[in-house]
Amino acid sequence: MAFLIVAPDMKTASWVKHLSALDSAIDIRVWPQVGNADDIEFALCWNHPPGEFKKYKNLKCIASLGAGVDHIVRDPDLPAAVPVTRVVEPSMAQSMSEYAVLGVLNYCRQFDLYRSDQSQKKWQPRIPLLAADMRIGIMGLGQLGKDTAKKLSNLDFPVTGWSQTPKDIDGVKCFAGEDALDVFLSRSRILICMLPLTPKTRGILNHETFHKLPAGAYVINVARGQHLVEKDLLAAVDSGQLDGACLDVFEVEPLPENHPFWSNPKIIVTPHISSLTYPKAVAPQIIDNYHRMKSGKALLHRVDIKRGY
Ligand code: GLV
């Protein structure tokens, strides 16, 4: 029986190294060198070719290589009976929170402007935007959103959160459900999107949403490119409704060379690095789930496929 890694656009050597270091007896195969398809019991994947998993009739677990599982659940041929798991790892929350805090501080302390001044040898002090005036609105209060909310709140930013189901986080005003969305948006001077991508959240960062934020708001998207209607963001930045944005994820990745985001001085672009999966840190929970699968125990970090996260 075997363990398959299916991640066509990723380097997998480090995964093989860290997984085998924990259990050298596991027969680890890397797609497309699958061998006999009937051997495959466990698949670790990122952006697999749709329809791939229905080839493995002995498959007992599909494990996402990251925190998100949208790349799995969008497969129309996903075998319904096979459980899906995701990564839940403190180092990922830490890395995501660092990015969000950096995005917020970079904006409030106007570092982009100072970098541009520096390139022109210009000495130009500016009054920083005060934390107390910068109410942060975090959409999505799962492991990542909660950690970010706590860290920003510790820096004395007023923090508000919004999620599908009610959450309770010390020092954070939490709103839940569609009915509370408008009031949440009206308070969010800096909006951070950390939502899972589901049919409900696709396109949630759109013209209407931007116009419900206070004028001159700032948007940070670290979730998925498909949450954002890119042309609506450009229009909102052009009109001044948004003061700018910091974006780590895009509709098409890598971001095409001729995309207007690249050259917009109000938009920061980073290449989907806000929270990377570290094979060394994550391999133990994958191997743990492999052993659980083998011994028929409940899997950790199982995803509700219907809900999409
Ligand atoms: C990254 O985007 C992840 O889902 O882990």
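Counting starts at 1 for both ligands and their atoms, in listed order. What you see is a predicted model; the values in this text were computed from it and never measured.
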Margin query: With a 4.0 Å cut-off on N to O distance, would you call Arg224 and Asp70 a salt bridge?
Written below: yes

Checklist line | Atom pair CZ (Phe261) and NZ (Lys266), whose distance is rounded to the nearest 0.5 Å | finding: 15.0 Å

Next item on the list: State whether Phe210 and Lys212 meet the cation-pi test: NZ (Lys) or CZ (Arg) under 6.0 Å from the six-membered ring centroid, and within 45° of the perpendicular axis.
Entry: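 No cation-pi geometry.
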
Note to self: side-chain hydrogen bond (donor to acceptor under 3.5 Å, both in side chains), that's the test. Do Tyr99 and Thr148 meet it? Break it down for me.
What the structure shows: CA-CA 9 Å; Tyr99 184 102; Thr148 301; over 6 Å; no

Next item on the list: Please indicate whether Asp168 has more than 12 foreign heavy atoms, meaning atoms of other residues, nucleotides or ligands, lying under 6.0 Å from its CG.
Entry: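 Count not over threshold, so no.
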
When you pair each N or O of ligand 1 with protein N or O atoms, which pairs come out under 3.5 Å?
unit_1	atom_1	unit_2	atom_2	d
ligand 1	2 (O)	Arg224	NH1	2.8
ligand 1	2 (O)	His272	NE2	2.8
ligand 1	4 (O)	Ala67	N	3.4
ligand 1	4 (O)	Gly68	N	2.7
ligand 1	4 (O)	Arg224	NH2	2.8
ligand 1	5 (O)	Ala67	N	2.7

Notebook entry, point to check: Angle class for the Phe3/Phe42 ring planes (parallel below 30°, perpendicular above 60°, tilted otherwise)?
Noted result: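 The rings of Phe3 and Phe42 lie parallel, inter-plane angle below 30°.
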
